[in-house]
Amino acid sequence: MTSAAPPTAAVTELPPAGSRVFTGTRPTGPWHIGQMWAVLSNMVQLQESYDCYFCLVDYHALTTAWAHPERIQGNIREIALDWMAGGIDPLRSTLFVQSHVPEVIEFAGLLNMITPVAWLDRNPTYRETLEQNKAAEANAGLFTYPVLQTADICLYKGELVPIGKDQATHLHLAQDIAKTFLRIFKRPIFPVPGYLFAEVPLIPGLDNRKMSKSYGNAIDMRESAESTQEKVMRMFTDPQKQRKGDPGHPEHCPVFTFHGIVSPTETVSEVRGGCTSGALGCVDCKRLMGSNLVTHLAPMRERRATLAGHPKQVDELLGYGAEKARKVARETLREVREVMGLERGFYITDGGLALPPALQFNPQDPEFQGGYHQFFVQVAEGDRAQVRAYLLEQAESLQFKFHGFEEVQGGEVIILVSGNPRLAIPGVPLQPLGAGYELHVTVPLERVKRLHVDQLSQAIIDTNPKKIYATGVRPIAGGVVFRVFGKSLSPSDQRHLVQRLATLMEIPAEGLELVPNDAVNAGPRSVSVPVRVRGTITPGE
Ligand code: SF4
């Protein structure tokens with residue numbers, strides 16, 4: 001039995017169980033045992049009672065480490081391993097990488113519009129950088145760091161952020177930005193985040209300063225037993241105790257602090273007595289503590305080694321977390337876009353074109369009558385910038401909408417535009433995407449609007465993710481048309497897809513079938529499979 005549990009960061013105010021907690025860390029280096037005892041233990045404790053979002057904030061890391069992106073990416077997996085080995089359960093909490101949910105950047109850009117520059121100018125991190133005469137490092141990313149931080153928290157509807165007392169200024173700024181947004185747009189899209197003060201215990205490093213990556217005085221969680229023992233033997237000790245026989249002051253010695261964490265109670269008492277009497281020498285004392293430290297860390301390091309042997313699984317777990325996070329992020333961003341007047345028309349998601357549920361499209365609207373076309377163009381990656389510039393330049397005069405690029409399998413890029421069918425891109429032949437399908441459904445638009453668009457896109461993608469490049473949903477008079485682009489789908493995949501869509505729209509699947517888009521592309525869009533809708537709703541309503 002050890003004399004004391006590892007020092008746990010105390011939560012001083014207890015919010016209701018199930019509240020959503022958000023916290024992030026910059027992946028600037030693997031975690032050390034000081035962070036494990038002081039911060040990770042608190043996260044594991046929070047995980048027991050709250051809906052935790054634990055984020056590896058790589059965009060934030062780029063504000064200072066932009067010249068070394070490879071280090072950031074390498075550290076992401078290392079910290080994910082540290083966190084999981086230290087007790088974070090990625091199936092219980094939402095563990096993810098910030099840039100895997102890029103919606104946060106758009107949200108931060110929108111929050112920038114309502115954030116006074118004067119607030120950001122007072123940001124302590126930015127001021128410190130300036131005061132240290134590091135003007136070259138005071139980039140715009142660092143200046144707007146608090147806005148991205150606010151976006152991180154509010155995008156996931158975070159209710160609570162665990163912070164140390166030195167981070168209160170940042171959190172107050174996030175609260176002010178959130179309150180300003182909610183006051184202006186008058187819709188409670190996200191809560192104003194509260195915070196939990198965590199009393200972070202001070203863990204000394206090898207040199208008796210606070211253990212820190214930047215001081216080079218840390219023992220990493222991933223370190224080997226040999227390296228751990230070797231570092232312990234180099235640890236600072238009471239300078240008044242020069243040799244065995246000299247009485248020491250254990251309360252001033254980091255080795256004794258560590259004994260308090262990793263050694264049995266009786267050993268701690270013996271060390272205290274031996275040190276103060278002089279009977280115990282520092283070399284023996286360190287050797288004993290090092291051995292106990294290695295034993296204390298062994299279960300965590302075993303878990304870490306096992307996980308490290310399965311990097312694909314770790315990536316999959318991070319992907320799982322990102323998917324969970326993205327569902328919330330999309331919903332928040334959709335509402336934010338809506339109140340800021342940006343939800344008019346289609347937008348691009350991973351699944352292709354999406355219909356915002358609140359979109360006010362109307363089959364009577366000339367914008368959506370006839371003449372609505374999409375071009376799916378394959379463009380070599382090197383030509384993308386040139387083509388993008390051309391499309392943006394031409395969009396107004398040719399009256400089409402440029403929806404963006406969508407990367408698909410095999411490094412191909414698809415440009416999605418809609419509008420004028422006479423569009424031509426110099427030097428880029430328009431190419432159909434090979435096999436594809438359409439399903440026209442005459443169904444009240446309200447029926448589709450009520451559905452979360454992600455459900456529709458997901459139903460299509462789930463059918464056979466390896467074979468579907470892109471999907472689209474667009475209104476036609478009195479109904480919608482789903483477009484599916486990709487390799488040939490088997491008859492059973494087609495049946496499955498039709499069944500899923502019909503179930504989502506609460507219409508019978510009988511009589512519905514996908515139509516190969518070769519036939520559709522060849523002529524006017526006249527291929528449709530009207531269905532009778534249950535109930536009394538009139539098609540085209
Ligand atoms: Fe520190 Fe142990 Fe030396 Fe005392 S005997 S000064 S506790 S290392």
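Whatever order the structure lists them in is the order used to number ligands and atoms, beginning at 1. Residue numbers start at 1 and run along the sequence shown.
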Number the atoms of ligand 1 from 1 as they appear, then name those within less than 4.0 Å of a heavy atom of [X], with their elements.
X: Thr237; value: 8 (S)
X: Cys253; value: 1 (Fe), 6 (S), 7 (S), 8 (S)
X: Cys275; value: 4 (Fe), 5 (S), 6 (S), 7 (S)
X: Asp238; value: 6 (S)

Margin query: For Phe22, run the side-chain contact (heavy atoms from CB on, under 4.5 Å) check against Asp152, Thr94, Asp51 and tell me which one passes.
Written below: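 The residue from Asp152, Thr94, Asp51 that satisfies side-chain contact (heavy atoms from CB on, under 4.5 Å) with Phe22 turns out to be Asp152.
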Nearest protein heavy atom to [atom], by residue and atom, and its distance?
atom: atom 2 (Fe) of ligand 1; answer: Cys285 SG, 2.4 Å
atom: atom 5 (S) of ligand 1; answer: Lys241 CE, 3.5 Å
atom: atom 3 (Fe) of ligand 1; answer: Cys282 SG, 2.3 Å

Next item on the list: Please determine if Glu331 and Lys327 form a salt bridge, counting it only when a charged side-chain N lies under 4.0 Å from a carboxylate O.
Entry: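 Salt bridge flag = no for Lys327 with Glu331.
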Margin query: Please tell me whether Asp238 and His249 have a donor and an acceptor in their side chains that are separated by less than 3.5 angstrom.
Written below: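 Per modelled atom types, Asp238 and His249 side chains form a pair under 3.5 Å.
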Next item on the list: Take Arg337 and Glu103 through the test salt bridge (charged side-chain N to carboxylate O under 4.0 Å, His left out) and record every step on the way to the result.
Entry: CA-CA 11 Å; Arg337 287 175 60 92; Glu103 283 81 354; over 6 Å; no
Note to self: Walk me through whether Arg187 and Glu338 qualify under salt bridge (charged side-chain N to carboxylate O under 4.0 Å, His left out).
What the structure shows: CA-CA 11 Å; Arg187 199 193 292 180; Glu338 192 176 299; 2.9 Å; yes
Item checked: Worked verdict on Glu226 versus Lys231 for salt bridge (charged side-chain N to carboxylate O under 4.0 Å, His left out) -> CA-CA 9 Å; Glu226 296 70 33; Lys231 282 188 172 177; over 6 Å; no
